[in-house]
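A, B, ... follow the sequence lines: proteins, then strands. Residue 1 opens every chain.
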Number of protein chains: 2
Amino acid sequence: MTMSNTGGRRKPPTIHDVAREAGVSRGTVSRVLNGGHYVSPAAAESVNAAIRRTGYVVNRHARSLITGRSDSVGFLLTEPQERFFEDPNFNVLLRGCTQALAAHDVPLLLMLAGTDDERRRITRYITAGHVDGVLLVSSHSGDPVAEELRAAGVPLVACGKPIGLGSKVSYVAADDRDGARDMVRHLLALGRRRIGVVTGPPDTPGGVERLAGYREVLAEAGVEADERLVVSGDYSRASGEAGAERLLARVPDMDAVFVASDLMAQGVLTALQRSGRRVPEDVAVGGFDDSPAAVAASPELTTIRQPWDRISTEMVRVLLAQIGGEDPAAVILPTELVKRDST
Amino acid sequence: MTMSNTGGRRKPPTIHDVAREAGVSRGTVSRVLNGGHYVSPAAAESVNAAIRRTGYVVNRHARSLITGRSDSVGFLLTEPQERFFEDPNFNVLLRGCTQALAAHDVPLLLMLAGTDDERRRITRYITAGHVDGVLLVSSHSGDPVAEELRAAGVPLVACGKPIGLGSKVSYVAADDRDGARDMVRHLLALGRRRIGVVTGPPDTPGGVERLAGYREVLAEAGVEADERLVVSGDYSRASGEAGAERLLARVPDMDAVFVASDLMAQGVLTALQRSGRRVPEDVAVGGFDDSPAAVAASPELTTIRQPWDRISTEMVRVLLAQIGGEDPAAVILPTELVKRDST
DNA sequence: TTCTCTACTGTGAACGCTCACAGAAGCATG
DNA sequence: CATGCTTCTGTGAGCGTTCACAGTAGAGAA
């Protein structure tokens, strides 16, 4: 592409101008700019005043050219973009990351890898070192772009445990298993004993961990496992509806269902009500995510809230640390049971 | 902030390496990279082969340092971020802009101006020339950040007509007035004559233009204007409900309402149904936006669709043109009537 | 031949910054 | 008094490009 500088903008002051203005050398100005070690208070003061007077802003390109880093990070979304952009949690995540990065003066580059062409371009862009690190939102495991970045040694922080990638990848995730435990304990505390579950797909962290939490709590409560009470969906509303129907057909006197997503839970509610059952009197329903679907449902869903705001700040913290040379890290954040009307 | 290069990444090949590999000079490689004018086919071929072999990617920082442009643009959202991030149309816009820019190999920097601190930082960042232009999403008119950018001569394209800013600002917008005309004509064609309107706030383009379209069509159809049929809301569902109640109190035999947003239209439906009126038999309701609220409503809303995908690509096109030296431009795009069950 | 014109190629300088290094000054220690 | 150490400062080099300019070769015209 061609971009020519359009008129109107004066060329900004350089570090040279500031140095002259402050009566010091370029080196001293640079030192003030980067931490201010080994500068006398008098010089620092003089430089700062000159910066204020001239309105100087560092030229990041020149700095990047010599340091080799870009002081910017990419926010990479691979796979089905519609689904993510429609997900309010994703929006919270994107917003949170942008703001957390802004606090460190690090710009966020939004990268959407939809087509193969985009994947190639983005991979090249990142591995060429045009960003220092990547915040990764990838639904399915074993993402090729992510794998390539990991192999290239690009600092990477995933959102949710990346199943496919090696253990060398940092990630930040909600404690799915513990959230599931909380919900099932809650259902038990209500006196329910024939508790069904509609899990997510077996290749998603949510699917695996949430089901595991369910099983753990039932086992430790001495409730005997009944595999007829376990079905799985694909996080869609329709699959929740179908799942609930299968459960009802197998275990008509089921008195509670733990559903691995709010959207599926909406489908479960529909199926239950169509079968003439009252919620929560006959069957209690617990969701997961605390999405808008939870309050849009009737009755409003009891659900598990994931701390998306904290997830975003933690992702940024871990990524910046890793860019700074620290080792990859995994952060698991606690969830919260939100009690509403469906239990 | 401090970022040190973490191990693992080799330093990438430079234009020098490519030149040596291809047996030509840096200048020739550079010419191939930028358009390929004044290079012999043989040299071009040789350079391209060398680029492929070495996996060379241009160092944008070095290029930017000398050209003075960054080859990147900012996507700036000022004002209430929650509202925008929850708006699916905003998500389509953000996604569309990112993809359209990616096709030109231009990265998009997401900038959220929430706090005053962020506003300052972003303004400095942009006016320092760290982006070549800005895609602006600003709800209210006379935004101070936008005004400052305009004054600094930064190429700017707004989404929706910016009322406060001077005429020197490019913008891309849907044809609000024509959309409103279509809807009111549609209501007239259904035989309705006592058509109410719930407009948006008078300081929003949507509010002003949509009301104007309504008035125009009624006038040209020879229906006498009745100011009792005009109320305004703030785009919220509650304000739609309140507006409908006021309309019904003033004109009980109103037989249609044109509502300036789908969300408000939901409120209008609620109020109508509570008053015992059937939609569309007694009162036809037309919305605006074609948001998910439109299909979530019952009955599903007839509404006006704004071409958000085209708006995003046009914004990018106009911005890049302006960065390339062209004059600011205004683009108005046609809307579309989406007929559903509420009329 | 000689000159001009076109098509192409190479070279040095510059963009604005950081970094390594050398040096100066002040102060304590041998 | 020399020596070392610490704190501070200035200087030159160089990061990887593009750009202006100079230069070459070949074709065609005078």
Visitor: For a quick check, tell me whether the side chain of A:Arg26 and the base of C:dT18 share a donor-acceptor pair closer than 3.5 Å.
Guide: yes
Visitor: Look up atom CZ in B:Arg150 and atom CG in B:Leu156, then write down how far apart they are to the nearest 0.5 Å.
Guide: 9.0 Å
Visitor: Starting at NE2 of A:His61 and ending at P of C:dT18, how long is that distance when rounded to a whole Å?
Guide: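 Value for this atom pair: 14 Å.
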Visitor: Is it true that a side-chain atom of B:Asp17 and a backbone atom of B:Thr14 form a donor plus acceptor pair closer than 3.5 Å?
Guide: yes
Visitor: To the nearest 10°, give me the bend of the helix from C:dT1-D:dA30 to C:dG30-D:dC1, comparing the axes of its five terminal pairs at either end.
Guide: 60°
Visitor: Rounded to whole Å, how long is the line connecting atom CZ of B:Arg69 with atom C1' of C:dC15?
Guide: 13 Å
Visitor: Can you tell me how far C1' of C:dC21 sits from CZ of A:Arg31, to the nearest Å?
Guide: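 In whole Å, C:dC21 C1' and A:Arg31 CZ are 11 Å from each other.
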Visitor: Look at the side-chain N and O atoms of A:Ser30 and state whether any lies under 4.0 Å from the OP1 or OP2 oxygen of C:dT18.
Guide: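 Affirmative; the distance criterion is met.
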Visitor: How close or far is atom P of D:dG16 from atom CZ of A:Arg63, stated in whole angstroms?
Guide: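 Computing the A:Arg63:CZ to D:dG16:P distance gives 18 Å.
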Visitor: If you assign each of A:Gly27 and B:Ile15 to its closest nucleotide in DNA chain D, which residue comes earlier from the 5' end?
Guide: A:Gly27
Visitor: Quick check against the 3.5 Å criterion: does A:Ser46 have a side-chain atom that pairs as donor or acceptor with the backbone of A:Ala22?
Guide: yes
Visitor: Does A:Asn59 make a side-chain N or O approach to OP1 or OP2 of C:dC15 shorter than 4.0 Å?
Guide: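 The answer is no; no side-chain N or O of A:Asn59 sits under 4.0 Å from OP1 or OP2.
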Visitor: Both B:Pro41 and B:Ile66 contact DNA chain C. Which one's nearest nucleotide lies toward the 5' end?
Guide: B:Pro41
Visitor: Would you classify B:Arg60 as touching base, sugar-phosphate or nothing, given that sugar-phosphate means primed atoms plus P, OP1 and OP2, and contacts are heavy atoms under 4.0 Å?
Guide: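 Contact class for B:Arg60: none.
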Visitor: Between D:dT18 atom C1' and B:Asp71 atom CG, what is the distance in whole Å?
Guide: 12 Å
Visitor: How are the rings of A:His61 and B:His130 set relative to one another: parallel (under 30°), tilted (30 to 60°) or perpendicular (over 60°)?
Guide: perpendicular
Visitor: Can you tell me how far P of D:dC21 sits from OH of B:Tyr38, to the nearest Å?
Guide: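 B:Tyr38 atom OH is separated from D:dC21 atom P by 15 Å.
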